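Keep in mind that what you see is a predicted model, and the values were worked out from it rather than measured.
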Amino acid sequence: MIGAIEFLLDGESWTRNNGLLEQLVQQLLLTVTALVLAVLVGLPIALVLGHLGRGGLLAINISNIGRAVPTFALLAVLVRLEWPGNDPFGPYGRAGLATLLALLFFALPPIITQAYVGVREVDAGVREAARGMGMSGPQLFWRVELPLAMPLVMSGVRLALVQVWATATIAALVGGPGLGNVIQLGFANLDRRSEGIGGAILVALIALVLELLAALAQRATSPVPSAARTPNSDQMSMLPPTVKPADDPVG
């Protein structure tokens, strides 16, 4: 353990070719890119299905299939496929593209599931009250359903972020980028075991930092305290100010 700490504190470990800094940047880039793509693809689908109340079974089943497929197996298949023009794709070539796609599939299930459930969990009485106040479908979604669903939406993104970061280390097994290379090299060579442990410690520390940042983002973007979403709470009190009864011109 002492050797691992010394490895992490050594400046040369970070600045050398294929060192910690280079591998860290590569893994962060892959993680953020995969997460952004998953949000852009999965979130609109889940929110629309949740608002319409249709296709939920399909969305949940697709998410469950995504959870069931082993990420490493998917990565191994993707890296072997013939992708037209994929060799010059991005800075990491074929393995980087395969890793990005595998991480994208891995990030979709929690994002889709949590967003769909978040919208569908909005109390029917709250919906009826909003409709009774004359809200249209889009107004109901943007002003009532989405704000109330934000805690679960953000929890899905938060869960996907940490999972994708941790899973990205297996990219090294197919020649991909990331800190997995440091871990793999360290554990493949007894003389460099401390480097492998140091790499693993760094992955764990970054995961904790990402979890903390995601938790802060979830708290900042959730207008409704999570504690208020208990089944026995009065969800009318969770309505955004724009739809509270006090703002109702009729009342």
ILVMFWY network linking [X] to [Y], side-chain heavy atoms under 4.5 angstrom:
X    : Y    : answer
L20  : L208 : no
L205 : L28  : yes
V162 : L100 : no
L173 : L185 : no
V32  : L40  : yes

Tell me the closest heavy-atom pair linking [X] and [Y], and the distance in Å.
X    : Y    : answer
E22  : N17  : OE1-OD1, 3.6 Å
G199 : I183 : C-CG1, 3.7 Å
Q184 : A172 : OE1-O, 3.3 Å
P177 : Q23  : C-OE1, 4.2 Å
P110 : Q163 : CG-OE1, 4.1 Å
G118 : L152 : CA-CD1, 3.5 Å

Using a strict 4.0 Å threshold on nitrogen-to-oxygen distance, state whether R131 and E145 make a salt bridge.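 Here R131 does not pair with E145 in a salt bridge, since their nearest N and O are not under 4.0 Å apart.
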
**Study point:** Test log, rule side-chain contact (heavy atoms from CB on, under 4.5 Å), inputs V144 and R127
**Key:** CA-CA 8 Å; V144 177; R127 286 196 178 92; 5.7 Å; no

[X] side chain near [Y] side chain, heavy-atom distance below 4.5 Å:
X    : Y    : answer
L21  : T15  : no
I197 : S194 : no
L104 : T33  : no
V48  : F141 : no
I45  : I112 : no
M150 : L146 : yes

Query raised in the report: Any donor-acceptor pair under 3.5 Å linking the side chain of T169 with the backbone of A166?
Result: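 Side chain of T169 to backbone of A166, a donor-acceptor pair under 3.5 Å: yes, one is there.
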
Check your understanding: Is there a donor-acceptor pair under 3.5 Å between the side chain of R120 and the backbone N or O of G50?
Key ->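 Judged by distance alone, yes, a pair lies under 3.5 Å.
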
To the nearest 0.5 angstrom, please state how far the [atom1] atom of [X] sits from the [atom2] atom of [Y].
X    : Y    : atom1 : atom2 : result
W142 : M135 : CH2   : CE    : 14.0 Å
Q27  : I206 : CD    : CD1   : 9.0 Å
E195 : L202 : CD    : CG    : 13.0 Å
I5   : I201 : CD1   : CD1   : 6.0 Å
L140 : M133 : CG    : CE    : 11.5 Å
L24  : L29  : CG    : CG    : 11.0 Å

I need the full list of ring pair (Phe, Tyr, Trp, His ring centres under 6.0 Å) pairs touching residues 158-200, with sequence neighbours left out, sorted by first then second residue.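 Residue pairs passing ring pair (Phe, Tyr, Trp, His ring centres under 6.0 Å), neighbours aside: none found.
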
Worksheet item: Taking atom CH2 of W14 as the centre, does the number of heavy atoms from other residues, nucleotides or ligands within less than 6.0 Å exceed 12?
Response: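 More than 12 within 6.0 Å, yes.
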
- Message: Out of the candidates L161, L159, V153, L35, only one should pair with I111 under the side-chain contact (heavy atoms from CB on, under 4.5 Å) rule; please name it.
- Response: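 One option only clears the test, and that one is L35.
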
